[in-house]
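Throughout, residue positions are numbered sequentially from 1 according to the sequence presented.
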Amino acid sequence: MDAFRFFPLLVLVLVLGAVAYKLLVLQVVVPEGFTALLYRRGRFVRVLAPGAHRVPRPGRSTQQVDMRQRYFTVPGQEVLSQDQVGLKLSLTVRFAVAEPEPALHRVQNFTDALYQAVQLALREEVGRHPLEELAAGRLDLGQRMRERVAAEVRAFGLSVVAVDVKDVMLPTDLRRAFSESLKAKKEAQAMLEKARGESAALRNLANAARLVEQHPSLLDLRMLQTLSGASTTPGNTFVLGVGAELAPRARKRPAPGGAPMPPSEEDEPEST
């Protein structure tokens, strides 16, 4: 009976304890990929890593910061090259928050600060190079900008992973001039390759002519090879001359002195 008499009191104590715990203890759950900044009466205390944290509630608050990599695009910016040619460039920037405390406390909005730094770096870097160099070295321009911007934004806790040039938009007349120049270069390369092929073919023909001159029987072998290849197709009819000048055995080798040897008596045609 005594236990039942104290049971309501026990329940009241537990309820009061739960209420007091809720009022006095702040439970903070930081998800993976984030961190939280803990403040006490508006002053920064420490950084809370991902996980569950319990801190005294009175006068304390938290603010979460996304630590994952982010992307943003800088749309077409009108810039002047070193040779005073106007063009538009669009960029893609990949970055992440490396130190959350300076990222939130040193600038009002770290994304806007990074955007402004990228714009200024783009104008200064493009102004240092002529148009031809910019058109041929986009990756080099992105690397130069990444190094420059990363050094500037490191002061407020950002890490720039990459700066990539997406598009280079030239004026219409310059695009036409570049297209014509590229077309002329391709045509010149095609003509050069054609001339090289013709020269190689002429050299091969000259070598073949010298071989035939030194070895006349090669013509007979070539003729037999041609006949052998053509005979595989049914329905072909071949007409071959049988004159002494076409007969393989009637072809005479030249004399050592260079003059052709006269035909033997057995090869001379009989007189009628």
Side-chain angles (χ1 to χ4, degrees), residues 76-77 79-92 122 125-147 162-261:
Q77 301 291 308
V79 291
L80 291 177
S81 63
Q82 188 181 39
D83 44 6
Q84 298 301 308
V85 177
L87 66 157
K88 284 185 178 182
L89 293 95
S90 59
L91 307 173
T92 298
L122 175 62
E125 288 295 331
V126 171
R128 294 178 180 179
H129 304 278
L131 179 61
E132 293 184 0
E133 184 178 346
L134 292 172
R138 297 182 183 179
L139 294 178
D140 181 66
L141 177 62
Q143 179 64 20
R144 287 173 178 269
M145 291 190 57
R146 192 202 71 80
E147 295 174 357
V163 177
D164 299 319
V165 179
K166 290 180 60 179
D167 298 307
V168 177
M169 294 162 279
L170 301 175
T172 305
D173 53 347
L174 286 179
R175 287 201 304 267
R176 188 181 302 110
F178 273 108
S179 177
E180 293 177 355
S181 176
L182 180 60
K183 181 180 178 181
K185 289 181 180 180
K186 294 298 183 182
E187 290 178 352
Q189 291 178 359
M191 293 178 64
L192 180 60
E193 292 297 328
K194 182 179 179 181
R196 288 175 178 174
E198 292 178 351
S199 298
L202 289 175
R203 285 196 298 269
N204 291 334
L205 290 175
N207 294 334
R210 282 194 296 268
L211 288 175
V212 169
E213 184 178 0
Q214 296 173 2
H215 305 283
S217 59
L218 289 176
L219 286 176
D220 301 325
L221 294 177
R222 182 59 177 168
M223 181 182 65
L224 294 176
Q225 184 182 7
T226 303
L227 293 175
S228 176
S231 63
T232 57
T233 304
N236 290 336
T237 301
F238 302 97
V239 179
L240 300 178
V242 294
E245 66 278 5
L246 295 179
R249 295 184 180 181
R251 194 181 306 277
K252 302 302 180 182
R253 295 182 180 178
M261 296 179 60

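Counting only heavy atoms from C-beta outward, the side chains of Leu91 and Lys166 never approach each other to under 4.5 Å. Residues Gln143 and Val163 are not in side-chain contact: their nearest non-hydrogen atoms beyond the backbone lie 4.5 Å or more apart. Considering only heavy atoms from C-beta on, Leu89 comes within 4.5 Å of Leu141 through its side chain.
Contacts of Asn204 classified as side-chain hydrogen bond (donor to acceptor under 3.5 Å, both in side chains), with partners at least two apart in sequence or in another chain: none. Glu193 is linked by a side-chain hydrogen bond (donor to acceptor under 3.5 Å, both in side chains) to Arg196, counting only residues two or more places apart in sequence or in another chain.
To the nearest 0.5 angstrom, Glu125 atom CD is 9.0 Å from Glu147 atom CD.
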